[in-house]
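In this chain, residues are counted from 1 in sequence order. Counting starts at 1 for both ligands and their atoms, following the listed order. No experiment lies behind these values; they were computed from the predicted model shown.
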Amino acid sequence: MDLMEKLVSLCLRRGFIYPSSEIYGGINGFWDYGPLGCELRNNIKAAWWQQVVREREDVVGLDSSIIAHPETWVASGHVANFHDPMVDCRLCKHRFRADQIDAEDRCSESKDGKHDLTEPRQFNLMLKTSVGATEDASATAYLRAETCQSIFLDFKRVMQSSRQRPPFGIAQVGKAFRNEINPRNFIFRSREFEQMEMEFFTHPKDAGRWFEEWRELRMRWHQGIGIQPDKLRWHEHGDDERPHYAAEAFDIEFEFPFGWRELEGIHNRTDYDLKAHSKHSGKELTYTDPDSKERYTPYVIETSVGVDRCLLAVLSSAYTEDEVGSEARTLLRLSPALAPVKVAVLPLSKKLSEPTRRIAVDLRRRFHTVFDATGAIGRRYRRQDEIGTPYCVTYDFDSEQDHKVTVRERDSTEQERLGLDQLAAYLSERILGY
Ligand code: GAP
């Protein structure tokens, strides 16, 4: 099995990720996150929010509706420009993205495996729905293709109500939808996914400086959450690759099991969006500096990363196979901040369940803690290693007398005997950092 197959199998088996609507045969490009997957997602989103919003005075949050006024997408250029080139095979009837068809895509109907492809046609990626009781053209609305457009629409409201002024940013985490022609590589390219986006509004003359600053911060964030630095690199977009709104664009790429691919995009969107929405809506979206009285349309530096892609990068980085006492084990070397379960509390024998459970109840007020009394202790450790739990706490027969427990660290498997009165502080320091 290659790494990707191992990850998919672990995700399914241990409750990280399942195909959506599996009992009906699934639906291509949609995924469900199980109990551990949604914990991991939430932890990634919390780590992002912490760096981008909470640790700064100059970035505030927003949670806008998924469906915006349809004119939003006309003004943004998505209705006219958000296309991928599509080709069909005349033999096997499969549809592909013309720029992504590769050697793996073999035709099942031809002798040499080669497709008989049509000329490329443009295919719009926006997912449509209709709002209200009619279903005619006037009721057509779109599921947002990126979360940032509402940030531009709400720019003035947010600026005024939060008493911000450029340079300042607005951050949002939320679902986005794209009718991808070929969803593939597990959760890497799906039709429903989640983005973490931040739009930073600045005077045009300072845009270059902020672009560099955000590039550095975002690269550091990926390394900080435990993604291997040697699997991260920059890719600068050439003139032919840049999205229609960007004057400058860099991707942070990650070496996924299927190769180097985009993880995050950092763009200098100039005043493209604010001007487009201003023109289209007839509403002014400028800023007047109260000191210099200069009126200008701010430039926007954008950082945009998918939660799902980030989760896949985190899992690929963390997946490890090693040996403990000549026994093979699989572990996820997740950082304690991201690990779905922080502590597993284990009674050595079922007879010790009651006092052990009391420890779990106490720890649960601080961290996600599970209690597990079934199976040999070695097997219970392996079970936790496989989902990345950084600490296991074992309560044994001696604990009854000496009020001490054994704390086992996941990566080193080292064990330490610790007084129960020290346990919460010991774990807090290592898991929360204080
Ligand atoms: N607002 C800018 C924007 O949306 P993008 O490069 O199209 O830029 C940003 O998307 C990020 O969203 C990507 O770097 C990726 O992490 C994520 N993303 C985009 N399309 C995706 C898809 N179909 N499935 C999963 N994640 C996706």
Side-chain angles (χ1 to χ4, degrees), residues 17 20 28-31 33 41 44-45 48 52 62 64 66 68 72-73 76-78 81-84 97 99-100 123-127 142-153 169-200 214-215 218-219 221-222 225 227 232-237 241-254 256 258 260-270 272-274 276-277 300-316:
I17 304 165
S20 166
N28 198 7
F30 296 88
W31 299 93
Y33 286 81
R41 272 177 92 77
I44 290 173
K45 291 190 271 185
W48 185 86
V52 175
L62 179 72
S64 69
I66 285 177
T72 306
W73 304 102
S76 70
H78 282 78
N81 298 322
F82 200 47
H83 292 111
D84 273 342
R97 237 177 92 165
D99 55 344
Q100 278 177 1
F123 175 77
N124 192 284
L125 300 185
M126 300 270 284
L127 268 164
Y142 302 95
L143 303 188
R144 65 185 174 197
E146 53 180 9
T147 59
C148 61
Q149 290 303 325
S150 295
I151 295 182
F152 304 131
L153 307 187
I170 305 176
Q172 167 150 245
V173 178
K175 290 274 179 143
F177 303 82
R178 296 183 188 175
N179 200 4
E180 298 283 356
I181 299 168
N182 275 145
R184 59 167 68 187
N185 291 327
F186 196 28
I187 53 170
F188 177 82
R189 177 170 294 108
S190 355
R191 289 178 166 143
E192 175 178 335
F193 55 98
E194 196 160 9
Q195 289 186 315
M196 304 184 279
E197 296 201 299
M198 191 282 315
E199 310 298 316
F200 199 79
W214 278 107
R215 261 182 8 109
R218 293 304 304 143
M219 181 59 102
W221 181 81
H222 288 285
I225 61 165
I227 297 183
L232 291 165
R233 72 178 187 194
W234 286 108
H235 167 70
E236 184 177 6
H237 282 220
E241 294 173 88
R242 259 196 311 273
H244 61 274
Y245 49 74
E248 244 182 313
F250 275 77
D251 290 342
I252 296 177
E253 289 189 339
F254 176 76
F256 288 95
F258 39 86
W260 288 95
R261 296 283 195 288
E262 174 185 345
L263 175 58
E264 167 155 0
I266 295 158
H267 312 120
N268 177 354
R269 297 183 74 121
T270 69
Y272 177 91
D273 304 273
L274 289 180
H277 287 302
V300 171
I301 303 304
E302 170 181 77
T303 72
S304 175
V305 58
V307 177
D308 315 79
R309 261 182 215 188
C310 195
L311 190 142
L312 186 56
V314 163
L315 285 179
S316 329

Side-chain donor-acceptor pair under 3.5 Å between E241 and H235, yes or no?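 Per modelled atom types, E241 and H235 side chains form a pair under 3.5 Å.
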Give the residues near ligand 1 by chain and number, with the criterion being a heavy-atom distance under 4.0 Å. E146, C148, R178, E180, F188, R189, S190, F193, Q195, E197, Y245, E262, L263, E264, G265, H267, R269, E302, S304, V305, G306, R309
Decide if the gap between the ring center of F186 and the ring center of F188 is smaller than 6.0 angstrom. no
Are V173 and E194 close enough that some pair of their side-chain heavy atoms sits under 4.5 Å apart? yes
Do N28 and R191 have side chains that approach each other closer than 4.5 Å (heavy atoms only, starting at C-beta)?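 A side-chain contact under 4.5 Å exists here.
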Worked verdict on R189 versus R97 for side chain to side chain contact (heavy atoms under 4.5 Å, CB included): CA-CA 12 Å; R189 177 170 294 108; R97 237 177 92 165; 4.0 Å; yes
Does the distance from a Lys or Arg side-chain N to an Asp or Glu carboxylate O, for R144 and E197, drop under 4.0 Å? no
